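Here the structure is laid out as structure tokens; the discussion comes afterwards.
Atoms within each ligand, like the ligands themselves, are counted from 1 in listed order. All figures in this text were calculated on a predicted structure; none of them were measured in a lab.
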Amino acid sequence: MMPMRSLQCATVVLVLLWPWEPAPALAASSSAPGARRRYDSIFSLGDSFTDTGNNPAVFAWYSIPDPVTRPPYGTTFFGRPTGRNCDGRLIIDFIAEALGLPYVPPYLGPPFGSPPPPPASSFRRGASLAVGGATALDAGFFRSRGLLPAPSKFPLNASLSVQLEWFESRLKPSLCRTTQECEELFGRSLFFVGEFGVNDYLFSFGKMSLQDIRSVVVPSIVETIRQAIERLIKHGAKALVVPGVIPLGCSPPVLFLFPEADPAGYDARTGCMLKHNEVGRHHNAALQESLKDLRAKHPGVSIIYADFFGPVMDMVQSPRKLGFREDVLSVCCGGHGRYNYNVSVPCGDANATTCSRPSASIYWDGVHFTEAANRHISSTWLSSIS
Ligand SMILES: *[C@@H]1O[C@H](CO)[C@@H](O)[C@H](O)[C@H]1NC(C)=O
Ligand SMILES: *[C@@H]1O[C@H](CO)[C@@H](O)[C@H](O)[C@H]1NC(C)=O
Ligand SMILES: *[C@@H]1O[C@H](CO)[C@@H](O)[C@H](O)[C@H]1NC(C)=O
């Protein structure tokens with residue numbers, strides 16, 4: 001059954017943006033003009049785009065093989081697989097570096113391949129609760145609609161609300177005791193809420209109509225993210241980064257798994273699929289509307305929209321200008337096939353091949369980006385964060 005295996009491979013990541021207006025979206029979100037914020041820690045929720053090493057632990061709970069535990073993951077930076085879905089650093093790693101903070105440790109560690117779990121106190125400078133394959137919506141949403149019938153083990157029980165539950169019932173009590181102590185700690189922290197949505201869409205494509213995805217899935221995800229932000233603000237969060245989704249219509253697994261029969265469905269210039277990108281734009285517009293309302297309601301809180309769509313479209317549209325090779329829609333690491341992507345031969349498999357210069361590729365193993373692409377994206381986010 002194609003979906004089972006393909007989803008396992010395709011699932012590991014997700015993101016998006018507003019191509020025509022990246023910087024203003026970010027600038028508009030800073031509530032204190034001229035004020036430069038400093039943070040003592042980073043706490044993050046999300047999926048593989050933000051997961052610094054939780055997925056090997058979670059996949060093990062389900063006995064799902066996890067290709068990211070093998071080389072060539074981590075070869076460009078770190079020098080070994082760390083559980084990141086990348087050849088090196090993620091966007092959040094570049095942001096931690098720029099803010100002078102340690103790399104955000106995976107809460108469900110131990111960091112893959114490392115010895116003993118860190119004591120709880122080591123999470124005072126931050127922790128990632130993000131899990132590769134995580135959805136914004138609870139698993140029941142997909143189960144009740146029959147979107148991922150058995151034997152699929154997806155979606156994992158690691159949705160946004162489950163990650164919040166881990167934060168509230170386990171992480172927070174290990175870090176602070178009184179309300180004041182917690183508010184002080186979290187008030188000096190930077191929270192990443194996402195990206196969320198990419199896996200929800202990957203699980204829905206081909207099973208629900210794009211019209212139903214727009215009218216049912218998009219609003220449900222945006223509302224779930226809104227509620228999560230409200231909950232974090234109650235705990236004392238004063239600065240939150242909320243990324244949009246990527247242009248899914250450009251993602252090699254989406255191009256491979258859900259091809260359009262009609263050539264008119266593709267952007268002639270980029271080769272991306274128009275309708276799938278349109279879902280992403282719609283998601284991002286709805287998310288930004290929701291963030292606008294939240295900013296009005298919480299004037300003392302900095303709610304930063306991070307455009308994931310725009311910088312990826314920039315790389316896909318002008319690869320040479322940004323230092324990437326022309327053949328942008330192929331993955332660096334994978335099996336043979338169109339887009340160098342083959343569901344049966346994921347990156348990390350003995351028969352997969354890796355390109356000679358990962359830094360010239362945008363896509364690493366599927367939906368996930370190379371470290372070079374992550375560096376570019378992080379540079380566009382940083383001005384609004386630091
Ligand atoms: C999912 O995880 C949450 C939080 O850890 C737990 O309360 C819940 O029982 C789990 N649900 C399932 C179906 O395993
Ligand atoms: C994908 O890999 C499998 C296993 O090696 C192979 O049989 C198949 O032909 C490949 N598909 C394409 C499109 O190359
Ligand atoms: C790699 O490909 C060879 C030749 O097609 C095959 O015999 C072998 O089983 C494959 N290895 C894996 C790990 O799939």
Nearest protein heavy-atom contact for atom 5 (O) of ligand 1: which residue, which atom, what distance? Trp166 NE1, 3.5 Å
Tell me yes or no: between the side chains of Ser361 and Arg325, is some donor less than 3.5 Å from an acceptor? yes
Ligand 2 atoms in contact with His336 (distance to a heavy atom under 4.0 Å): 12 (C), 14 (O)
May I ask you to check whether Phe77 and Phe94 place their ring centers less than 6.0 Å from one another? no
Less than 4.0 angstrom from a charged side-chain N to a carboxylate O is my criterion; do Glu165 and Arg170 meet it? no
Donor-acceptor under 3.5 Å (Ser128 side chain, Thr50 main chain): yes
To which protein heavy atom is atom 3 (C) of ligand 2 closest, and what is the distance rounded to 0.1 Å? Asn342 ND2, 3.6 Å
Can you tell me which residue and heavy atom of the protein come closest to atom 12 (C) of ligand 3, and the distance to 0.1 Å? Asn351 ND2, 3.5 Å
List the steps and the verdict of disulfide (SG to SG under 2.5 Å) for Cys333 and Cys355. CA-CA 6 Å; Cys333 181; Cys355 64; over 6 Å; no
Could any protein non-hydrogen atom be found less than 4.0 Å from atom 9 (O) of ligand 1? no
Show me which atoms of ligand 2 lie under 4.0 Å from any heavy atom of Gly337. 13 (C), 14 (O)
Tell me, with the steps shown, if Phe256 and Val331 meet side chain to side chain contact (heavy atoms under 4.5 Å, CB included). CA-CA 11 Å; Phe256 181 89; Val331 301; over 6 Å; no
Nearest neighbour in protein (non-hydrogen) for atom 4 (C) of ligand 1: Glu165 CG, 3.8 Å
Taking the ring of Phe203 and the ring of Phe141, is the distance between their centroids below 6.0 Å? no
Near Asn157, which atoms of ligand 1 are under 4.0 Å from a heavy atom of that residue? 1 (C), 2 (O), 3 (C), 8 (C), 10 (C), 11 (N), 12 (C), 14 (O)
Check whether any protein heavy atom sits under 4.0 Å from atom 14 (O) of ligand 3. yes
